[in-house]
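Worksheet: one structure, shown below.
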Amino acid sequence: MIAHDALYIDGSWRPALGTGVIDVVNPADEQVIASVPAGSAEDVDAAVAAARAALPGWAAVPPARRGTYVAALRDQLVARRDEFVATMTAELGVPVGFARRVQTGIPIAVAGSYAELAATYAFEERIGNSAVHHEPVGVVGAITPWNYPLHQIVNKVAPALVAGCTIVLKPAEDTPLTAQLFAECVAAAELPAGVFNLVTGLGPVAGQALAEHPGVDLVSFTGSTDVGRRIGAIAGGAVKRVALELGGKSANVVLPGADLAKAVAANVADVCRNTGQSCNALTRLLVHTDQYEEAVSLAAAAVASFVPGDPTDPDVRVGPLVNAKQQARVRAYIDKGVEEGARLVTGGSAAPEGREKGYFVRPTVFADVTPEMTIAQEEIFGPVLSLIRYEDEDEAVRIANGTVYGLAAAVWAADGATAAAFARRLEAGQVEINGGGFNILAPFGGHKQSGIGRELGAHGLAEYLHTKSLQF
Ligand code: NAD
């Protein structure tokens, strides 16, 4: 596994100016596997200066040519896929099967989609007597989390590159090795020096310095709502563009007439995906009172097949959580659920059997959850499903919309049209209809406190462009 004792700035690996380091821990066995530099504000300065210097040249490269660079980058991701899988399994604890299928499969596809979009996107349009040019916003400060470490980097870097922006990336403390491997791919794809720069470091130090830097024109952040709020305030104060992809508490509504067994099985799989560490996880299952107890039994039975285990084992579907802090947080939420009177159907806050070492938690199902309970309102970020009862459709809409979040949702009904009609009443950026699959070209982003802005596809590209109207 690669681990650079350096930052990637202006086309080469160079020692950090700061002296601190970040230890990278394997969450399955709690062993330190590497350490990387904790970049300082001076390191961020150097990276932003490199990105600014590279901006005019990169912005002048024709979009279709920028697309060929992104295609070359995609090819590098493909060539080094096995290394990405091993790296993410080691530093995030994600099971290898999921790392291959989703954690690397989706970013490869997303990079490919932007390589194609570069050639077809209308960077110029005519409106009456105006020629409207869509130009790069400038230098992008990208701050990413650990839960989908490559996906969240590619979601920002690929469209920014196609738009003609240059980038400084500050990845999450827990998953810097994936980011370093990505920087190696950028180098191998022969992007011009300074177009992409990587500063590993602590959020409140390097992350904050990047968000505050006057040389950054757009801050694109994915992570917690608390930090997102701070970054939004910094960007607002400086009148700079900001994109925020934040948390969620997404509802899955099963309407009478739907295939209940299928809906519940899909929901349990969704909540165990990535060991529950997905911002769009469907963590609230809303079921009509007449079918409620049947749904509880189905959920309990389905969870039994998700046994936490060694993430390097291809048969394992649930690994550890990313770190001790997240483990303590998820356990505390499970205890809180019991304390507030929810019925613990399966799981609980004790370590899973035989998994005392490592940051493992038990996949957990709660029944008799009421909408005002903490576990029904706050993002837990672990494999914890709450079943909530409703009496009629209006109540289901009220409960589904009754949190500060609005990232995703799902609806199951007898037919697509009924589910879609219900989906129109939901405050969410994405709604799965009867198990509809993830679409890498559809805009992804939140309503309400789940965020500002959109990622993926043409909508994701537009985030990195601003307009200039030439009147003739
Ligand atoms: P976080 O928001 O603290 O970290 C996300 C990124 O922001 C990291 O790169 C971090 O270094 C950086 N950061 C932290 N403080 C910063 C600051 N003051 N200025 C600039 N950058 C800063 O998230 P976390 O601690 O890794 O996870 C905590 C919770 O966040 C989770 O339990 C979960 O609820 C949520 N989360 C959401 C997503 C998502 O995709 N929406 C992803 C990860 C975590």
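Just so it is clear, the structure is predicted and the values come from calculations on it, not from any experiment. We number each residue from 1, following the sequence as shown. Numbering of ligands and ligand atoms starts at 1, following listing order.
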Glu353, CD atom: more than 12 neighbouring heavy atoms under 6.0 Å: no

Residue and atom name of the nearest protein heavy atom (relative to atom 29 (C) of ligand 1), distance in Å to one decimal: Ser224 CB, 3.8 Å

From CA spacing to verdict: side chain to side chain contact (heavy atoms under 4.5 Å, CB included), Lys156, Val140: CA-CA 9 Å; Lys156 298 183 192 310; Val140 172; 5.8 Å; no

Proximity to ligand 1 by part of Leu246, non-hydrogen separation under 4.0 Å: backbone

Basic-acidic side-chain contact under 4.0 Å: Arg454, Glu463: no

Nearest protein heavy atom with distance in Å, relative to atom 8 (C) of ligand 1: Thr144 O, 3.4 Å

Per-atom contacts of ligand 1 with Gly207, taking only distances under 4.0 Å to non-hydrogen atoms: 19 (N), 20 (C), 21 (N)

More than 12 heavy atoms of other groups within 6.0 Å of His459 NE2: no

Non-neighbouring partners of Arg273 that pass salt bridge (Lys or Arg N to Asp or Glu O under 4.0 Å), sequence neighbours left out: Asp270

Atom 44 (C) of ligand 1: the protein heavy-atom neighbour that sits closest, reported with distance to 0.1 Å: Phe381 CE2, 3.6 Å

Identity and distance of the protein heavy atom lying nearest atom 27 (O) of ligand 1: Trp146 NE1, 3.9 Å

Heavy-atom nearest neighbour in the protein, as seen from atom 43 (C) of ligand 1, with distance rounded to 0.1 Å: Pro145 CB, 3.4 Å

Note, Phe438 side chain near Val102 side chain (heavy atom, < 4.5 Å): no

Under-4.0 Å heavy-atom contact with ligand 1, by part of Phe221 that carries it: side chain

Pick from Val322, Thr222, Ile143: the one approaching atom 5 (C) of ligand 1 most closely through a non-hydrogen atom: Thr222

Closest approach of any protein heavy atom to atom 14 (C) of ligand 1, naming residue and atom: Gly203 CA, 3.6 Å

Salt-bridge contact Arg14-Asp43 (side-chain N to carboxylate O under 4.0 Å): no

Part of Ala211 within contact of ligand 1 (heavy atoms, under 4.0 Å): neither

Test log, rule side-chain hydrogen bond (donor to acceptor under 3.5 Å, both in side chains), inputs Thr200 and Gln180: CA-CA 9 Å; Thr200 50; Gln180 290 191 340; 4.9 Å; no

Exceeds 12 heavy-atom contacts within 6.0 angstrom, atom CZ of Arg80: yes

Under-4.0 Å heavy-atom contact with ligand 1, by part of Glu245 that carries it: backbone

Carboxylate-amine/guanidinium proximity below 4.0 Å for Lys336 and Glu378: no

contact_flag Arg329 ligand 1 heavy-atom lt 4.0 Å: yes

For atom 10 (C) of ligand 1, closest protein heavy-atom neighbour: Glu173 OE1, 3.5 Å

Under 4.0 Å to a heavy atom of Glu379 - the qualifying atoms of ligand 1, by number: 33 (C), 34 (O), 35 (C)

Under the salt bridge (Lys or Arg N to Asp or Glu O under 4.0 Å) test, residues paired with Glu427 that sit two or more places apart: Lys448

Atoms of ligand 1, numbered as shown, that sit under 4.0 Å from any heavy atom of Gln152: 40 (O)

Subset of ligand 1 atoms that lie under 4.0 Å from at least one heavy atom of Cys279: 39 (C), 40 (O), 41 (N)

Residue from Lys240, Arg52, Arg241 passing salt bridge (charged side-chain N to carboxylate O under 4.0 Å, His left out) with Asp217: Arg52

Nearest non-hydrogen protein atom, atom 28 (C) of ligand 1: Gln326 OE1, 3.9 Å

Proximal ligand 1 atoms for Pro171, defined as those under 4.0 Å from one of its heavy atoms: 9 (O)

